[in-house]
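Within every chain, numbering begins at 1; the chains are lettered A, B, ... in the order of the sequence lines, protein sequences first and strands thereafter.
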Protein chains: 2
Amino acid sequence: MKNPNRAFKDAIYEQFARIGKAVSSPKRLELLDILCQGPRTVEVLAKELSLTVANASQHLQILRTARLVETEKEGLFVIYRLADQAVCEFFLAMRVLAESRLAEVEQIKRQFLEGREGMEPVNREALLELVREGAVTVLDVRPAEEYNAGHIAGAISLPLKELERHFSDLPRDQEIVAYCRGPYCVLSIQAVEMLRAKGFKAVRIEEGIQDFRAMGFPIVVNEEV
Amino acid sequence: MKNPNRAFKDAIYEQFARIGKAVSSPKRLELLDILCQGPRTVEVLAKELSLTVANASQHLQILRTARLVETEKEGLFVIYRLADQAVCEFFLAMRVLAESRLAEVEQIKRQFLEGREGMEPVNREALLELVREGAVTVLDVRPAEEYNAGHIAGAISLPLKELERHFSDLPRDQEIVAYCRGPYCVLSIQAVEMLRAKGFKAVRIEEGIQDFRAMGFPIVVNEEV
DNA sequence: CTATTATTCAATAAATAAATTGAATAATTA
DNA sequence: TAATTATTCAATTTATTTATTGAATAATAG
């Protein structure tokens, strides 16, 4: 070893790599993405990712070893949550980097949305402005608990599962903008398809709640029951 | 497969994981850190990390596959550089996250600096303010090429290797603040030790050139020769 | 053309990580 | 207390990653 500082540097970068290793698995990234939305039990996470519970538990423990998530035992359940909001911001930064550096991401997305109406990349800035002004009906199509945990001020909660039962509550003259968890969540895609099939003027906005938060949109949190 | 969108999500998160895998090795993180300072040849990078050239080349190719770095052939040499300044910012974000989440980082650093004078965590804000005001002599102890590629406005270039020959150029009445590549670069540590041994009032500032840039310090770039 | 030099490639062995399976643990309910 | 449920543990197989080595390639200089 020529350089006497090698051991120090090795030790430091090995620590940095703990974070890197934690985010080097697609499954763990998806877990982080969901945990950005709020705390979840192992069971719920496993189901969301179509993993066995044991496998999900293992991945979660790796995230915990890297101190990116924390746990709390509540009765029979173990609730996992992000250790810090900074972890969510880091995940978002990584997503943005992947989107900007890897053309494949855009390609996979385009391929998935191909042929579906209302999903074409709209003029995002203009749409965001309309949302800001309240000039459109903003629909939060995530499950009610997630809406309660935090939603865009002025947005209406209408979980995808209940959409069919509430068509009559929605305006036919005004544009409807649906959002969900983010660009890779399909809830808003399905919602817009259903709405369009019924003749509504609906469009999807890719941004998820964390993106809106990062952009400084006012977020409303409902009281816990 | 219960969920028909699984394939889409798997494809997306697999792309994200390409970035994660690229930054999951300590060696590749160190390579990125150095490349944040500027372009380098394979040979130089290999030497800096005490790696074989073949091994360094392999790591660099992995970074290139993840589109984090780019290459350019110049004569016999292949020059690697970051593909985008955003990659440097991402690396810094990862470093900050590791520092905040992993207590081990601070511990390793403390252990390394133990017993050395001038390295105690000084009042950073106050010191930065002095640097900003030009109330202290600011020493850039990196190699001259790196100084030329970008340095804090007002800083004097005095590479560690030439320090001994230029003691007489330095003020004995004013405080000297040395900086280098960042908190895990040892150049400024060695410089401060040498200066103190000669009776100068020298302190180290942990921040590296990329940190100063991120903090909005004015950076001066010398004309290429 | 030959020699030199920087880099990459290819093959291998060793280490590490991933998913699967079934058993073990811990908290709760009947 | 026994049964149930959510989670973790441990063992295994399979796949991936890492470092090492020596050969191959490509650009340049003699």
To the nearest Å, give me how far apart CD (Glu72(B)) and P (dT8(C)) are. 13 Å
Does NZ or CZ of Arg116(A) fall inside the cone over Phe112(A)'s six-membered ring, less than 6.0 Å from its centre and within 45° of the axis? yes
Expected string for nucleotides 25-30 of chain C under the B/S/- scheme (protein heavy atoms, under 4.0 Å, primed atoms plus P, OP1, OP2 as sugar-phosphate) is -BBS--
Take Arg18(A) and Glu14(A), measure what salt bridge (charged side-chain N to carboxylate O under 4.0 Å, His left out) needs, and give me the verdict at the end. CA-CA 7 Å; Arg18(A) 288 174 64 188; Glu14(A) 193 178 313; over 6 Å; no
Expressed as a whole number of angstroms, how long is the span from Arg40(B):CZ to dT7(C):P? 13 Å
Using the ring centroid of each side chain, check whether Tyr184(B) and Phe16(A) are separated by less than 6.0 Å. yes
Whole angstroms only, please: what is the CD-P distance between Gln61(A) and dA6(D)? 17 Å
Starting at atom CD1 of Ile79(A), determine the distance to atom P of dT8(D), rounded to an integer number of angstrom. 12 Å
Do nucleotides 13-23 of chain D as a string where each nucleotide becomes B, S or -: B if the base has a protein heavy atom under 4.0 Å, S if just the sugar-phosphate does, - if no protein is that close. ----SSBBBB-
Residue from Glu30(B), Glu145(B), Glu48(B), Glu146(B) passing salt bridge (charged side-chain N to carboxylate O under 4.0 Å, His left out) with Arg40(B): Glu146(B)
Donor-acceptor pair, distance only, cut-off 3.5 Å: does the side chain of Arg181(A) make one with the backbone of Gln210(A)? no
Between atom CG in Leu31(A) and atom C1' in dT7(D), what is the gap in whole Å? 15 Å
For atom CG of Leu60(A) and atom C1' of dA18(C), their distance in whole Å: 15 Å
Side chain to side chain contact (heavy atoms under 4.5 Å, CB included) evaluation trace for Met194(A) with Leu160(A): CA-CA 9 Å; Met194(A) 286 169 66; Leu160(A) 186 61; 4.0 Å; yes
Intermediate values then yes/no, side-chain hydrogen bond (donor to acceptor under 3.5 Å, both in side chains), Thr65(B) and Gln61(B): CA-CA 6 Å; Thr65(B) 304; Gln61(B) 283 174 73; over 6 Å; no
Give the table of side-chain donor-acceptor pairs shorter than 3.5 Å for residues 72-85 of chain B, with sequence neighbours excluded, one pair per line with atom names and distance.
from	atom 1	to	atom 2	distance (Å)
Glu72(B)	OE1	Arg81(B)	NH1	2.8
Asp84(B)	OD1	Ala86(B)	N	2.7

Establish, with yes or no, whether the OP1 or OP2 oxygen of dT7(D) is under 4.0 angstrom from a side-chain nitrogen or oxygen of Ser57(A). no
What's the CG-C1' distance between Leu63(A) and dA18(C), to the nearest Å? 14 Å
Atom CG of Leu29(A) and atom P of dA17(C): how far apart are they, to the nearest Å? 16 Å
For Glu43(B) and Lys47(B), what are the C-alpha separation, side-chain angles and deciding distance, and is it a salt bridge (charged side-chain N to carboxylate O under 4.0 Å, His left out)? CA-CA 6 Å; Glu43(B) 200 184 24; Lys47(B) 193 168 184 186; over 6 Å; no
For Tyr80(A) and dT8(D), is the shortest distance between a side-chain N/O and OP1 or OP2 below 4.0 Å? yes
